[in-house]
*Asks:* 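One structure, as structure tokens, below. Some questions next.
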Amino acid sequence: MAWVLKMDEVIESGLVHDFDASLSGIGQELGAGAYSMSDVLALPIFKQEDSSLPLDGETKHPPFQYVMCAATSPAVKLHDETLTYLNQGQSYEIRMLDNRKMGDMPEITGKLVKSIIRVVFHDRRLQYTEHQQLEGWKWNRPGDRLLDLDIPMSVGIIDTRTNPSQLNAVEFLWDPAKRTSAFIQVHCISTEFTPRKHGGEKGVPFRIQVDTFKQNENGEYTDHLHSASCQIKVFKPKGADRKQKTDREKMEKRTAHEKEKYQPSYDTTILTECSPWPDTPTAYVNSSPSTAPAFTSPQQGTCSVPDSNSSSPNHQGDGVSQASTEQLQPSATIQETQQWLLKNRFSSYTRLFSNFSGADLLKLTKEDLVQICGAADGIRLYNSLKSRSVRPRLTIYVCQEQPSSPPLQGQQPAGGGGDSGGGTPYVYHAIYLEEMVASEVARKLALVFNIPFHQINQVYRQGPTGIHILVSDQMVQNFQDESCFLFFTVKAENGDGIHIVLK
């Protein structure tokens with residue numbers, strides 16, 4: 001028994017000695033001479049956070065701050081980016097705030113800056129196929145935009161512009177010294193870009209990004225100042241409110257310990273700094289409507305485009321000019337091709353076809369144009385290039401009586417073109433009516449005979465015994481095609497304006 005007790009004492013003393021030795025080792029490793037906080041911060045778990053922290057004396061102070069007046073979701077974990085739910089088509093305010101300290105960026109003091117707001121994909125996979133995704137959306141929603149500015153509600157924004165070829169971006173100028181708020185409307189919803197659409201899909205997130213630029217030496221807004229963005233999801237009307245309520249109810253059911261893992265919901269969304277969007281503003285500015293006059297300067301006089309309502313075959317030059325400009329000719333120069341595109345409402349493609357002559361454009365097939373411009377605009381451009389002009393619904397021939405030799409009461413010109421009795425033949429103008437209404441007759445008469453349209457009070461037709469019958473829409477619809485009329489003008493009874501009388 002004594003031997004057993006002796007062995008226990010030996011083992012216990014050995015354990016105590018080993019424990020003391022281990023403690024002495026720890027003391028040596030963590031001694032004052034060996035311990036360094038920088039060694040601890042060099043550990044891998046601290047490297048990522050340390051790289052994002054500014055060094056002393058180099059605190060980064062962003063010049064601007066953008067705040068969207070929409071609540072963040074409460075169902076976002078700590079250290080994750082905030083997520084904000086928006087309703088499709090609803091106006092949301094983005095406050096543009098000057099965040100500069102005294103003396104920062106003096107070069108923009110008292111000057112305007114330009115901001116471009118975009119809605120883009122958050123998912124990197126969708127960013128790579130953004131063009132195809134947006135073209136598909138454009139095909140399903142012709143004429144719609146992904147992003148719009150609610151100009152009546154916005155405050156302090158100047159010279160707003162939207163580019164028809166960039167449906168997801170708007171731009172404007174603003175003064176940082178003044179209160180500025182831009183109200184945006186997002187028209188696409190998150191589930192429109194999910195691969196399967198059977199109902200109940202998880203919608204893809206978008207990003208709202210704001211890029212701000214100052215003027216360079218040439219006065220162009222291309223020098224980047226600041227960029228910030230936030231993550232959003234867009235729902236059908238009222239859907240964002242329901243989703244926010246659902247997330248709030250889910251969080252209320254969680255325990256206090258679980259709630260500590262999630263961010264609180266904030267009433268507003270602060271856009272966080274990010275890299276500028278890779279599209280350079282120069283390309284956006286060059287294709288904006290402001291540069292359209294470049295295509296219509298000096299040569300506009302020599303290659304003028306008559307109004308599509310002009311209809312005066314009596315002037316042979318007008319008729320030839322109208323025919324040649326309505327149909328793009330193979331001999332058209334690059335400048336004339338640009339003019340034709342602008343006149344036919346293809347201004348968003350002038351930059352795309354900036355090096356195309358008439359022959360180049362006419363060589364493109366229908367499939368080529370659909371692939372380049374999308375289905376809707378591609379088919380419209382093909383029809384404009386290949387199809388003939390639409391035949392007017394009614395053609396009438398009109399001649400104005402000369403005051404110097406008015407025809408006698410009841411005199412009718414012989415056939416379709418007699419003479420005025422003094423040897424001068426009646427010269428008629430053809431008027432082509434696309435709409436069978438009386439106002440169209442008055443408008444075309446004013447256009448052809450250089451009569452101010454606002455001065456024409458009424459159009460009458462002279463009936464039996466010289467009575468004046470008001471020309472109504474029903475009367476125009478009963479005109480025979482290629483009817484001939486003489487007309488004269490009389491002053492209105494009140495002396496304000498004139499009446500036109502057809503004979």
Side-chain angles (χ1 to χ4, degrees), residues 121 126-148 162-169 187-188 192-195 197 279 283-284 286-289 291-292 294-296 299-300 303-311 319-393 432 434-435:
F121 291 113
L126 291 174
Q127 289 178 10
Y128 292 139
T129 60
E130 179 180 282
H131 179 72
Q132 292 87 341
Q133 296 289 339
L134 297 186
E135 283 298 316
W137 188 89
K138 182 180 177 181
W139 166 260
N140 293 321
R141 303 268 296 275
D144 289 349
R145 293 183 56 82
L146 281 85
L147 182 69
D148 267 327
T162 55
N163 191 332
S165 64
Q166 293 192 355
L167 305 178
N168 63 329
H187 298 293
C188 56
E192 288 183 287
F193 299 97
T194 52
K197 298 181 180 179
D279 289 351
Y284 188 83
N286 286 345
S287 60
S288 66
T291 58
F295 303 121
T296 59
Q299 292 195 0
Q300 188 171 6
C303 183
S304 62
V305 179
D307 192 292
S308 60
N309 297 322
S310 175
S311 50
V320 173
S321 176
Q322 182 183 0
S324 62
T325 53
E326 285 184 354
Q327 194 76 21
L328 183 66
Q329 301 299 315
S331 58
T333 64
I334 292 177
Q335 188 82 4
E336 292 168 344
T337 304
Q338 294 287 316
Q339 295 272 4
W340 184 90
L341 288 169
L342 289 170
K343 177 183 179 293
N344 288 273
R345 308 191 312 280
F346 294 106
S347 57
S348 58
Y349 300 103
T350 52
R351 181 169 171 266
L352 187 62
F353 296 117
S354 59
N355 295 319
F356 279 64
S357 65
D360 296 332
L361 204 55
L362 288 166
K363 287 177 183 176
L364 296 176
T365 64
K366 184 176 181 179
E367 290 73 19
D368 294 335
L369 294 172
V370 168
Q371 186 174 2
I372 294 171
C373 306
D377 284 343
I379 293 173
R380 189 167 69 87
L381 179 55
Y382 176 80
N383 290 336
S384 299
L385 289 169
K386 307 296 182 181
S387 63
R388 298 179 180 178
S389 300
V390 178
R391 181 178 177 86
R393 299 180 64 184
Y432 305 101
E434 286 80 24
E435 297 183 49

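Residues: numbered from 1 along the sequence shown. The structure presented is a predicted model; accordingly, all values stated were derived computationally and were not measured.
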*Asks:* Could you state the interatomic distance from CD (Glu367) to OG1 (Thr365), rounded to the nearest 0.5 Å?
*Replies:* 4.5 Å
*Asks:* Any sub-3.5 Å donor-acceptor pair from Asp360's side-chain atoms to Ser357's backbone N or O?
*Replies:*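 Side chain of Asp360 to backbone of Ser357: a pair is present.
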*Asks:* To the nearest 0.5 Å, tell me how far Thr162 OG1 sits from Asp148 CG.
*Replies:* 7.0 Å
*Asks:* Minimum heavy-atom separation for Ala169 and Leu147, please, with both atom names.
*Replies:*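 That closest heavy-atom pairing would be CA-CD2, 4.3 Å.
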*Asks:* Nearest 0.5 Å, please: how far is CD in Gln329 from OG1 in Thr337?
*Replies:* 10.5 Å
*Asks:* Nearest 0.5 Å, what's the CG-CG distance between Leu381 and Leu369?
*Replies:*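 One finds 5.0 Å between CG of Leu381 and CG of Leu369.
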*Asks:* Might you point out which heavy atoms bring Asn163 and Arg145 nearest each other, and give the distance in Å?
*Replies:*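 Closest pair (atom of Asn163, atom of Arg145, distance): O-NH1, 3.2 Å.
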*Asks:* If every non-hydrogen atom of His187 is compared with every non-hydrogen atom of Glu192, which pair is closest and at what distance?
*Replies:* O-OE1, 4.3 Å
*Asks:* Once rounded to the nearest 0.5 Å, what's the spacing between atom CG of Leu364 and atom OH of Tyr382?
*Replies:*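 Leu364 atom CG to Tyr382 atom OH measures 11.0 Å (nearest 0.5 Å).
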*Asks:* Would you name the heavy atoms of Leu146 and Cys188 that are closest together and state the gap between them?
*Replies:* CD2-SG, 3.8 Å
*Asks:* Do any N or O atoms from the side chain of Gln338 and from the backbone of Phe353 form a donor-acceptor pair under 3.5 angstrom?
*Replies:* yes
*Asks:* Give me the atom names and distance for the closest heavy-atom approach of Trp340 to Leu328.
*Replies:* NE1-N, 3.6 Å
*Asks:* How many angstroms lie between CD in Gln339 and CG in Asn344, if you round to the nearest 0.5 Å?
*Replies:*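 Here the rounded value is 11.5 Å.
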*Asks:* Measure up the Phe346 and Tyr349 rings against each other and bin them: parallel (under 30°), tilted (30 to 60°), perpendicular (over 60°).
*Replies:* tilted
